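Scroll down for the structure; my scribbles are underneath it.
FYI, the numbering just counts along the sequence from 1. Just so you know, these numbers come straight off a predicted model, no measurement behind them. No hydrogens, no waters, no symmetry mates; every other heavy atom, side chains included, goes into these values. Counting starts at 1 for both ligands and their atoms, in listed order.
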Amino acid sequence: MARIGIDLSRRIGIVDRRIFGNFVEHLGRCIYGGIFDEGSPLSDAAGFRRDVLDAVRPLRIPILRWPGGNFVSGYHWLDGVGPADDRLRRLELAWHAEESNRFGTNEFVRYCQALGAEPYICVNMGTGSMDEAQAWVEYCNGTGNTHWANLRRKHGYPEPHHVRYWGLGNEMYGGWQIGSLSAEDYVKKARAFALVMKRTDPTIELIGCGHNGWSDWDVTVLEGLAPIVDYHSIHLYTGQRDHYTTVFQSHQAERAVRICAGLIERVRHAQRIEHPIAIAFDEWNVWYRTRSQQDRVGGIEERYNLSDALAIATYLNGFIRHCRAVRIANLAQLVNAIAPIFTRPDGLFLQTIYHPLRLYAEHTRDVALDVLVDSPTRELAPVQEEGGSGRVHHVADLGPFALLDASATCDRAGAGLTLAVVNRDRERRHRVTIDLGEAEATGDVLVSEVNGADVDAVNSFETPCAVDVREGKLAVRGRRFEHELPAHSISVLRVPLV
Ligand code: AHR
């Protein structure tokens with residue numbers, strides 16, 4: 001029988017709630033027709049879709065990244081402020097679209113307020129200038145009697161927006177990015193941007209533009225920006241048609257974090273940097289189906305199956321395990337574009353990946369524990385990359401992989417425990433002994449289980465609950481208990497302790 005061993009004294013660190021962050025880009029129907037739909041009977045006076053807000057709130061998003069993504073590298077923020085009817089309609093070159101600019105900085109900040117999320121703005125380091133980035137910080141956060149702060153006041157916002165997180169460009173290494181740069185040129189430019197942004201508001205925190213966490217780009221950028229950044233970003237998209245490749249590829253995020261954390265430690269030591277530098281995993285998801293040019297123009301509306309939901313839970317377990325290094329993570333993206341929520345003009349449904357995101361955000365507690373998982377394993381045959389992404393995510397060398405993947409968190413006083421277990425086995429259920437060490441369970445364990453008929457199950461308007469959450473209770477007393485984990489399922493157990 002499989003065994004999960006938990007020892008409340010084996011604490012890894014504090015889980016930063018910001019790992020449940022998210023991202024909205026001007027891309028397809030993520031913003032227009034997604035979170036924002038002016039004139040729709042489903043929208044409020046601000047144009048925010050109420051049904052979408054209701055679906056987003058349970059995700060408890062603490063930090064929301066905007067406006068891109070690739071979009072930002074051609075975006076001039078000034079186009080998106082002031083009276084909406086006067087705003088310029090622009091050709092949008094990242095996703096071959098048209099941008100009405102009716103959703104801009106103030107609408108974004110209001111959306112964050114509606115969610116109780118902190119805004120995280122990524123600046124344009126493609127076609128954008130240093131002056132523009134400086135003015136954006138002043139417009140948002142300025143308190144003096146100066147032009148950009150006054151323009152914000154004139155636009156109806158007397159109080160500063162207090163935008164604390166600022167990203168220094170998006171994927172500036174990539175040939176697809178407008179204005180992409182060599183690592184050396186990026187470092188020079190980012191230092192110049194950072195200087196004027198920080199002088200405008202010294203309290204802001206900067207996110208340097210990393211790559212996959214371990215490339216030569218990451219090394220050069222960390223060495224060049226370590227004195228001025230608080231975070232280094234990583235982006236990762238995984239998944240393939242094969243179930244096991246999809247679920248095990250999520251462990252690539254952990255490799256990225258391990259290597260990147262090592263690079264950060266090296267540079268901090270070598271340069272005697274005193275301030276912490278954390279990882280902002282500010283784009284992550286399963287994304288492999290909608291990668292053609294046509295799909296991109298179509299808004300990359302990936303449809304997720306149950307395998308993908310198991311992959312998402314595995315990513316989250318990894319972020320919890322690496323909570324000391326990963327302080328921010330932003331799922332890409334929130335609505336319609338590679339997203340957990342899918343809309344049409346008259347409603348929405350929740351994709352499979354919504355369920356683990358919601359359950360983890362709701363039930364994860366403050367302290368991550370080092371869990372022992374003793375389960376059957378499986379190797380992964382090295383497979384050819386599919387989906388035309390051109391990115392190689394070989395993970396076979398990380399195997400053999402335990403079929404059960406778990407994370408455990410407890411509250412600071414040790415009075416309650418949350419155990420999240422993903423059974424990635426496509427065919428078999430696994431009975432597991434859960435050993436609580438010195439701790440004792442005292443009452444009903446709340447079990448929330450995500451599952452569907454098979455790993456290919458997909459939610460849709462016609463079958464919105466093909467993959468859903470079932471809740472149950474388990475009466476438990478003592479230091480150990482048994483539980484059955486159905487094939488291809490995610491189980492989140494809330495255990496009260498004495
Ligand atoms: O999230 C979709 C896109 O993926 C983003 O715009 C870009 O940053 C990444 O390549």
Q. Which class fits the ring pair Y32 and F36: parallel under 30°, tilted 30 to 60°, perpendicular over 60°?
A.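 Judged by the thresholds at 30° and 60°, the geometry between Y32 and F36 is perpendicular.
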Q. Should the ring pair F248 and F401 be called parallel, tilted or perpendicular, given that the plane angle runs from 0 to 90° and is split at 30 and 60?
A. parallel
Near [X], which atoms of ligand 1 are under 4.0 Å from a heavy atom of that residue?
X	value
E171	7 (C), 8 (O), 9 (C), 10 (O)
N70	5 (C), 6 (O), 7 (C), 8 (O), 10 (O)
E25	5 (C), 6 (O)

**Q.** Of Y75, W66, W95, the residue whose pairing with H26 passes side-chain hydrogen bond (donor to acceptor under 3.5 Å, both in side chains)
**A.**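 Exactly one option meets the side-chain hydrogen bond (donor to acceptor under 3.5 Å, both in side chains) with H26, and it is W66.
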Q | Short side-chain to backbone donor-acceptor contact, T246 and S307, under 3.5 Å | A | no
If you measure every N/O of [X] against every N/O of ligand 1, is any gap under 3.5 Å?
X	answer
W95	no
W287	no
H235	no

(Q) Do R344 and F461 form a cation-pi contact, if we require the NZ or CZ to be under 6.0 Å from the six-membered ring centre and within 45 degrees of the ring's axis? (A)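 Yes - R344 lies over the ring of F461, closer than 6.0 Å to its centre and within 45° of its axis.
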(Q) Less than 6.0 angstrom from the centroid, inside 45 degrees of the normal: does R303 satisfy that with respect to the ring of F342? (A)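 Yes, cation above the ring, under 6.0 Å and within 45°.
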Q. Counting heavy atoms only, which of H26, R65, E283 is nearest atom 4 (O) of ligand 1?
A. E283
Q. Is the closest heavy atom of I338 to ligand 1 under 4.0 Å?
A.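 Within the 4.0 Å threshold, so yes.
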